[in-house]
2 protein chains.
Amino acid sequence: MTSRQTRPRDRADRGIPEATVARLPVYLRALSSLQERGVATVSSEELAAAAGVNSAKLRKDLSHLGSYGTRGVGYEVEYLVYQISRELGLTQDWAVAIIGVGNLGRALAGYGGFASRGFRVAGLLDADEGIVGQEISGMTVVTIDRLEDVIAEGGVSIAVIATPAGAAQGVCDRVVAAGVTSVLNFAPVVLSVPEGVDVRKVDLSIELQILAFHEQRKAGGPGDYEPLTSGGTPPGPTQYVEAVAEA
Amino acid sequence: MTSRQTRPRDRADRGIPEATVARLPVYLRALSSLQERGVATVSSEELAAAAGVNSAKLRKDLSHLGSYGTRGVGYEVEYLVYQISRELGLTQDWAVAIIGVGNLGRALAGYGGFASRGFRVAGLLDADEGIVGQEISGMTVVTIDRLEDVIAEGGVSIAVIATPAGAAQGVCDRVVAAGVTSVLNFAPVVLSVPEGVDVRKVDLSIELQILAFHEQRKAGGPGDYEPLTSGGTPPGPTQYVEAVAEA
DNA sequence: AAGCCTTTGTGAATACGCGCACAAAGTCAC
DNA sequence: GTGACTTTGTGCGCGTATTCACAAAGGCTT
């Protein structure tokens, strides 16, 4: 799961609910796919199926952008693509800096989904001098020392943090000080940022843990194992791992 | 953002709300960090701050697991770590197969957060014969032809799909047929699966698009650009890209 | 042992999101 | 031009999530 850390409330948001915003990219993807197949018009029912959502929800989401459908017919694919892109701000291009060029940073640098949506990688930065200077996906890795320069010169407004956990907060502080107001964080830490800065987090192991929870449920649930002290107070310094084996 | 595709409703869930489940891994991470620093006891206020949530929410979340706190004192870190781990099913270990060993698959294979949470990578698979046989993070990449074998022999119950979009649904069908009931999908497509199978999706470009939306808002919003035909009906086959330049 | 102080656990109020179901609006056939 | 049919846009009710605020519970000091 990913979560927003900042802006718990902000309903001067031009009225578009956060839940809707989160789904617009999904609709956009489905629409692009239809467009490639030469489909000109689509009904809410069809598009909803392609996006994996309820059709009433889809219509309500789209209604927040304005009335772009034709009753009895559906939505014009190309027009809708444009309207959603515009609403999401994808008609302008965004410069992003990727900080941390480990395995994940490399994967991100080569990810095609960025360029195709108007995101331009303005810099790859790393602290490891062994990596600095390497060529990754056609870009040369720059030393972290030049972070502020890269942000200023590239007009970077979004930073992607793919560093180890320990380095993330420090990097975050620096990019924010350099004027970045949106951060996509892959490091497994909760970043703290000043008011007005948006942070979104992607955490691979959290997703797996949520799946494990449901998987366990299907298999019978943790109820198989009784609570240690039935009902009661936390015991002293016990090895809880042993307790599992014992049950 | 990541989203659940299946199980829109399932309130025989032992009563633990989905929103709570999604936060438990975050608490667990914060607690582990405290544990490393040798902290024995933590108040809901402190832990909530570390996890980036409201303290009342934290307490209510934890109350769903039972009463593991001591009034006037707080929660015993080690005990809470154990209880959350147990609830999430992390006290047993889970075998996962990673399908698709591109940049992202490689990053996932080397991700330390898996092993430390009880997730064991039982196989790396790819369709590209040029990659099959390579050694990645101490594992040999196996051909996708042996997918069913790897799943059966490794006792895999969770599949991680990191293939190109076009291959994802096919791979998904195969892993489900082979008995996998939880799928973590990194491919930019909506997977369709039978009832009873959980799918979670992680989409890097969606996260960026959501950030772009908020970033645009801060900068003045898309209202700068007027709707094309003010108020009205979708026009014919126009180049909307031009329309932006014109505004 | 009594009282003060801290912190939990939860009732109650509020906000939010979802999906049904239907009226309004438009198309298409004849 | 008229009527039947399709599909949008949305009012409404329901369940879930979030937050506040406080009583109950326990520890600690004297």
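Labels below follow one simple rule: chain letters A, B, ... track the order of the sequence lines, proteins then strands, and each chain is numbered from 1. Because only heavy atoms are used, hydrogens play no part in the values below, and waters and symmetry mates are left out as well, while side chains stay in.
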A.B. asks: Look at the side chain of B:Lys57 and decide which nucleotide, out of C:dT10, D:dG9, D:dT18, has an atom nearest to it.
C.D. replies: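 Among C:dT10, D:dG9, D:dT18, the one nearest the side chain of B:Lys57 is D:dT18.
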
A.B. asks: Could you give the OH-to-P distance, from A:Tyr68 to D:dG9, as a whole number of Å?
C.D. replies: 11 Å

A.B. asks: From C-beta outward on A:Ala19, which listed nucleotide comes closest to its side chain: C:dG17, D:dG9, D:dT18?
C.D. replies: C:dG17

A.B. asks: Nearest whole angstrom, please: distance from the C1' of D:dT19 to the CG of B:Asn54.
C.D. replies: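 Taking atom C1' of D:dT19 as the reference, CG of B:Asn54 is at 6 Å.
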
A.B. asks: Keeping A:Gln209 on the side-chain end and B:Leu88 on the backbone end, is there a donor-acceptor pair under 3.5 Å?
C.D. replies: no

A.B. asks: Are any of A:Tyr75's side-chain N or O atoms less than 4.0 Å away from OP1 or OP2 of D:dG9?
C.D. replies: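 Checking A:Tyr75 against D:dG9: at least one side-chain N or O falls below 4.0 Å of OP1 or OP2.
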
A.B. asks: Distance-only check: which donor-acceptor pairs under 3.5 Å involve side-chain atoms of residues 165-174 of chain B, not counting sequence neighbours?
C.D. replies:
residue, atom, partner, partner atom, Å
B:Gln169, OE1, B:Ser192, N, 3.0
B:Gln169, NE2, B:Asp173, OD1, 2.8
B:Gln169, NE2, B:Ser192, O, 3.0
B:Arg174, NE, B:Glu148, OE2, 2.9
B:Arg174, NH2, B:Ile144, O, 3.1
B:Arg174, NH2, B:Glu148, OE1, 2.8
B:Arg174, NH2, B:Glu148, OE2, 3.4

A.B. asks: Write down the distance between CG (B:Leu62) and P (C:dT8), rounded to a whole number of angstrom.
C.D. replies: 9 Å

A.B. asks: Enumerate donor-acceptor pairs with a distance under 3.5 Å from any side-chain N or O in residues 39-51 of chain A to protein atoms, sequence neighbours excluded.
C.D. replies:
residue, atom, partner, partner atom, Å
A:Ser43, OG, A:Glu45, N, 3.4
A:Ser43, OG, A:Glu46, N, 3.2
A:Ser43, OG, A:Glu46, OE1, 3.4
A:Ser44, OG, A:Arg59, NH1, 2.9
A:Glu45, OE1, A:Ser55, OG, 3.4
A:Glu46, OE1, A:Ser43, N, 2.9

A.B. asks: Please list, by residue number, the residues of residues 34-51 of chain A whose heavy atoms come closer than 4.0 Å to an atom of DNA chain C; answer none if no residue qualifies.
C.D. replies: none

A.B. asks: Just the rounded figure in Å: distance from P of D:dT16 to CD1 of B:Ile16.
C.D. replies: 15 Å

A.B. asks: So which protein nitrogen or oxygen atoms get under 3.5 Å of nucleotides 3-5 of chain D's nitrogens or oxygens?
C.D. replies:
none

A.B. asks: Whole-Å distance between C:dG19 C1' and A:Asp61 CG?
C.D. replies: 12 Å

A.B. asks: Centres of the B:Tyr75 and B:Tyr68 rings: under 6.0 Å?
C.D. replies: no

A.B. asks: Any donor-acceptor pair, under 3.5 Å, between the side chain of B:Lys60 and the base of D:dT19, if you only look at N and O atoms?
C.D. replies: yes

A.B. asks: For B:His64 and D:dT18, what is the distance between atoms NE2 and P respectively, to the nearest whole Å?
C.D. replies: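 Those two atoms, NE2 and P, are 11 Å apart.
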
A.B. asks: Protein within reach of the bases, or only the backbone? For nucleotides 21-30 of chain D, mark each nucleotide 5' to 3' as B, S or -, using heavy atoms under 4.0 Å.
C.D. replies: B--BBSS---

A.B. asks: Taking only residues at least two apart or on different chains, which pairs with a member in residues 60-71 of chain B satisfy salt bridge (Lys or Arg N to Asp or Glu O under 4.0 Å)?
C.D. replies: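 Qualifying pairs: B:Arg23-B:Asp61.
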
A.B. asks: Any side-chain heavy atom of B:Leu62 sitting closer than 4.5 Å to one from B:Ile84?
C.D. replies: yes

